Q: 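Before I ask anything, let me first share the structure, which is written out below as structure tokens.
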2 protein chains.
Amino acid sequence: MSLRHALLATLDAGAMTGYELAKTFDQSANRVWHATHPQIYTELRKLERENLVVAQEEPRGTQGKATKRAYTVTEAGREELCRWVATVEEPTLPRDVAHLKATYFEYAPPDAAREQFAAHRAYHAEQLRRWEWHVEQLRARGTDLMQRRLAKAPKERHAAIVAYKVHVYEGMAERARAEVAWAERGLALVDELERDGFM
Amino acid sequence: MSLRHALLATLDAGAMTGYELAKTFDQSANRVWHATHPQIYTELRKLERENLVVAQEEPRGTQGKATKRAYTVTEAGREELCRWVATVEEPTLPRDVAHLKATYFEYAPPDAAREQFAAHRAYHAEQLRRWEWHVEQLRARGTDLMQRRLAKAPKERHAAIVAYKVHVYEGMAERARAEVAWAERGLALVDELERDGFM
DNA sequence: AGATGCATGTAACGGGTTACATGATTAC
DNA sequence: GTAATCATGTAACCCGTTACATGCATCT
């Protein structure tokens, strides 16, 4: 149940609608925790029922039929967020398709193996680019979310707020680099096995 | 739906019961893909209904009331396995509690942050030990599963069978090392922030 | 007038976890 | 005889995905 806390933390920087949260989640900041929009809307309603957030309903469009709802964290919500952040959690259990599949590449022709290592490399190279870009943005305190967050916090804490996020995103970048290197060693391995007649 | 393929691959090395598969899954080999025992038993029944495996039912114990079922892959199952291995899949979407939480360590007292980085380090150090041990076992072709797998495959393919698995497990070890390093940099960061009065 | 994109949802389904149930074997 | 462990399952629940529905806005 981490989605709710990711939502609480994001909302703590300032009120947002479900749509804005969904955008924030999948394009920029929280690529650490994936969530789809139906999930976000549903979870927000749930958080509202539990009084961890409150919604401000406003008309959307000119006809006044459609509405949008901007959510704000309540005091209880903030407490729940702090409680969660300070709690040590069980590590996520491993479930990694790419590595699982690579375990059994013996069952596939060399070209299929190569194709998959190449796809792996491409995906993580792209991720790496994103993480690196994001680290720069954070350091420059240039993202919307960060500015809103900093505006609400006392100045002496700004360094910590930025530093933890930078640390996380640098960790993700490091990971992506490792995946790229792993895929490249994989490609070399396929070549080697084929050259030596083992495939 | 990777569990079924992990099961098919494991069974392809030789018949096993659900219990043996569960053990294989969580203690030694397939720590790349976590699965609990109810899930394994259920999936095996499903694979059986789809004719991807067949079960050999045998009495268990002396009273002859309880039974056990040893599963074997069918030709269709092997084809499905090969098809899956050769297919490029969407990468698993990121969902990482530890990194998500670390993003918000600003909300926690420094000691709570330290405790979590320490737990992270301990967990991945232990994982690293496991992966390294496993790589050694594989290279020595010393695991049960590997020996059964090799016994069924033509000799000229042995090198590839071992090499792919070693590559995967070395990748996992590399990852674990990166997580340990990340946690250590995290600990240093908390110290630094506290020393400079930012917490 | 129709297509595309913004914005907010609901419903059905599937995979995975936790809790529970049951029987056999081994060690004390 | 009782506790622990081996072994096989079922049931309820929760989280997340996919597909569908709806309304407004903008561009052509």
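Computed from a predicted model, the values in this text were never measured in an experiment. Just so it is clear: chains get the letters A, B, ... in the order the sequence lines come, proteins before strands, and each one is counted from 1. These values consider heavy atoms only, across backbone and side chains, with no hydrogens, waters or symmetry-generated copies.
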Q: Give the angle between the helix axes at the two ends of the helix from C:dA1-D:dT28 to C:dC28-D:dG1, taking five base pairs at each end and rounding to 10°.
A: 10°

Q: Hey, does A:Ile161 have a side-chain heavy atom less than 4.5 Å from the side chain of A:Arg149?
A: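 Sidechains of A:Ile161 and A:Arg149: in contact.
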
Q: Taking the side chain of B:Met1 as its heavy atoms from C-beta onward, which of D:dC15, C:dG16, C:dG15 lies nearest to it?
A: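 Out of D:dC15, C:dG16, C:dG15, the nucleotide with an atom closest to B:Met1's side chain is C:dG15.
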
Q: Between B:Glu126 and B:Arg121, does any NZ, NE, NH1 or NH2 come within less than 4.0 Å of an OD or OE carboxylate oxygen?
A: no

Q: Rounded to whole Å, how long is the line connecting atom CG of B:Leu21 with atom P of D:dC6?
A: 17 Å

Q: Angle class for the A:Tyr41/A:His37 ring planes (parallel below 30°, perpendicular above 60°, tilted otherwise)?
A: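 Perpendicular.
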
Q: Is it true that B:Arg177 and B:Glu132 have a side-chain N and a carboxylate O under 4.0 angstrom from each other?
A: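 Salt bridge flag = yes for B:Glu132 with B:Arg177.
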
Q: Write down the protein N/O and nucleotide N/O pairs, taken from nucleotides 5-11 of chain C, whose separation is under 3.5 Å; answer none if there are no such pairs.
A:
{"unit_1": "C:dT8", "atom_1": "OP2", "unit_2": "A:Tyr19", "atom_2": "N", "d": "2.8"}
{"unit_1": "C:dT8", "atom_1": "OP2", "unit_2": "A:Tyr41", "atom_2": "OH", "d": "3.0"}
{"unit_1": "C:dT8", "atom_1": "O5'", "unit_2": "A:Tyr41", "atom_2": "OH", "d": "3.4"}
{"unit_1": "C:dG9", "atom_1": "OP1", "unit_2": "A:Arg45", "atom_2": "NH2", "d": "2.3"}
{"unit_1": "C:dG9", "atom_1": "O6", "unit_2": "A:His37", "atom_2": "NE2", "d": "3.1"}

Q: Report yes if at least one side-chain N or O of B:Thr36 is closer than 4.0 Å to OP1 or OP2 of C:dG16; otherwise report no.
A: no

Q: Assigning hydrophobic clusters by single linkage (Ile, Leu, Val, Met, Phe, Trp, Tyr; side-chain heavy-atom cutoff under 4.5 Å), is A:Val180 placed with A:Tyr123?
A: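 No: no chain of side-chain contacts under 4.5 Å links A:Val180 to A:Tyr123.
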
Q: So, does B:Arg95 get its side chain near the phosphate of C:dG16, meaning an N or O under 4.0 Å from OP1 or OP2?
A: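 So the side-chain polar atoms of B:Arg95 never come under 4.0 Å of the phosphate oxygens OP1 or OP2 of C:dG16.
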
Q: Checking B:Glu20 side chain against B:Thr17 main chain: does a donor-acceptor pair fall under 3.5 Å?
A: yes

Q: Compare side-chain N and O positions of A:Gln39 against OP1 and OP2 of D:dT17 and report whether any pair is under 4.0 Å apart.
A: yes

Q: For B:Leu3 and C:dG14, what is the distance between atoms CG and P respectively, to the nearest whole Å?
A: 16 Å

Q: B:Glu58 has an atom CD; how far is it from atom C1' of D:dT8, in whole Å?
A: 15 Å

Q: Apply side-chain contact (heavy atoms from CB on, under 4.5 Å) to residues B:Glu80 and B:His5 and explain how you reach the verdict.
A: CA-CA 8 Å; B:Glu80 171 55 23; B:His5 299 104; 2.7 Å; yes

Q: Are any of B:Arg4's side-chain N or O atoms less than 4.0 Å away from OP1 or OP2 of C:dG16?
A: no

Q: Rounded off to whole Å, could you give me the CG-to-P distance for the A:Leu93 and C:dT17 pair?
A: 7 Å

Q: Can a donor-acceptor pair be found between the side chains of B:Glu170 and A:Trp182 at a distance below 3.5 Å?
A: no

Q: Take atom CG of A:Leu47 and atom P of D:dC15, then tell me their distance rounded to the nearest Å.
A: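 The answer, rounded to whole Å, is 11 Å.
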
Q: Between B:Asp12 and B:Arg148, is the closest basic N to carboxylate O distance under 4.0 Å?
A: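 Salt bridge: no.
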
Q: What is the separation between atom CD1 on B:Ile40 and atom P on C:dG15, rounded to the nearest whole Å?
A: 15 Å

